[in-house]
Participant: 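I'd like to ask you about the structure that follows.
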Amino acid sequence: MALQPPPHEAAPPQFGAPSGSVPALQITDLEKSYPTGTKALKGVSLEIPAGSFFGLLGPNGAGKSTLIHCTTGLAMPTSGSIRVFGHDAVSHYTEARKAVGLAPQDLNLDHFLTLEETLDFHGGYFGMRKKDRKERAAELLDAFSLTAKKDDRANTLSGGMKRRLILARALMHRPRFLILDEPTAGVDVELRLELWQYVKRVNEEGTTILLTTHYLEEAEQLCDQIAFINDGQIVAQGTSGDLAKEYGVTTLEDAYLELVGRKELSRATLGEDVA
Ligand code: ADP
């Protein structure tokens, strides 16, 4: 069953959209300083085309969560602008937020709600009508192979099912832009591969995706564009091949190691030392 969001009023085509259409995310000169004095974002500009599967990679503390929080209204930008499908994330928060589905790192489910209630409450929060919520929940439970569990409480699910439910919840209000914040952190290989299949399908059906991950293979497998963020700044952007070229290496992993100043860890170097 299709996961695809409905056509949006005044919206451009989402997948394979012609160049010049409204980007899913347009961040311009974004700065964010926390009251502690930490400057987490130092003038970030980033554009994610509608329909793309975009990876944001960087070491811990680079500013990835802050960027996501500013985009979803959990943090207030200090300066600069963020537009989600053309809606300003601060001055037109409601429209911008409705366009975004967020699957957070934490398994932040209400353990006492059933799966169906989890989706229904989320839809209600986003202003969906009862009949629509029921239909959409059924559609997503089916798409994520959770229908048999719909009346069970979330705390009875396996880790893999919880991850799927979090994805379904993020998609409930038919966002056109899905943010996946380390969706496969700490999950086993088979669940990772399964989740990849689900998110690939969501993207193929037209939803733009921003993925943060520490798994470079994941970014390579899924993303058509990747940006490196370091110390609050976007330092490189392109395909995995572009990034390798930019750093004068042959793999995304080696490019990343150059980014974080740890090229001595390169497998190529380690291989040579052993030989
Ligand atoms: P990442 O998600 O890439 O690990 P973060 O956006 O979490 O990076 O953090 C960027 C910087 O901002 C870090 O130095 C972090 O300690 C700091 N930071 C993040 N959240 C807060 C906060 N709520 N208050 C103060 N400093 C924060």
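Note: hydrogens, waters and symmetry copies are ignored here, and every other heavy atom, side chains too, is used. Remember, it's 1-based here, ligands and their atoms both numbered in the order they're listed.
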Participant: Hydrogens and angles aside, do Q221 and W196 bring a side-chain donor and acceptor to less than 3.5 Å of each other?
Facilitator: no
Participant: Can you list the atoms of ligand 1 that are under 4.0 Å from a heavy atom of A62?
Facilitator: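 Those atoms are 1 (P), 3 (O), 8 (O).
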Participant: Return yes if a side-chain donor-acceptor contact under 3.5 Å exists between T72 and Y93, otherwise no.
Facilitator: no
Participant: Using distance alone, decide if ligand 1 has a nitrogen or oxygen within less than 3.5 Å of any nitrogen or oxygen in N60.
Facilitator: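 Checking ligand 1 against N60, no N or O pair falls under 3.5 Å apart.
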Participant: Ignoring hydrogens, tell whether any protein atom lies closer than 4.0 Å to atom 10 (C) of ligand 1; use the non-hydrogen atoms only.
Facilitator: yes
Participant: Considering P35, G232, A40, P59 one by one, which has a heavy atom nearer to atom 12 (O) of ligand 1 than any of the others?
Facilitator: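 Answer by nearest heavy atom: A40.
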Participant: For S266 and D254, which I'm curious about, is there any donor-acceptor pair between the side chains at under 3.5 Å?
Facilitator: yes
Participant: Going by atom types alone, do E182 and T212 pair a side-chain donor with an acceptor below 3.5 Å?
Facilitator: no
Participant: Within the protein, is there a heavy atom lying under 4.0 Å from atom 16 (O) of ligand 1?
Facilitator: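 It does not: no protein heavy atom is found less than 4.0 Å away from atom 16 (O) of ligand 1.
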Participant: In terms of atom number and element, which parts of ligand 1 are under 4.0 angstrom from non-hydrogen atoms of S65?
Facilitator: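 The atoms of ligand 1 under 4.0 Å from a heavy atom of S65 are 1 (P), 2 (O), 6 (O), 7 (O).
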Participant: With a 4.0 Å heavy-atom cut-off (strictly under), which part of T38 contacts ligand 1: side chain, backbone, both or neither?
Facilitator: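 Looking at T38 and ligand 1, just side chain atoms fall under 4.0 Å.
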Participant: Under 4.0 Å, counting heavy atoms only: does G63 come that close to any atom of ligand 1?
Facilitator: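 Per 4.0 Å heavy-atom rule, G63 contacts ligand 1.
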Participant: So among V90, V44, I27, L67, which one has a side-chain contact (heavy atoms from CB on, under 4.5 Å) with P77?
Facilitator: V90
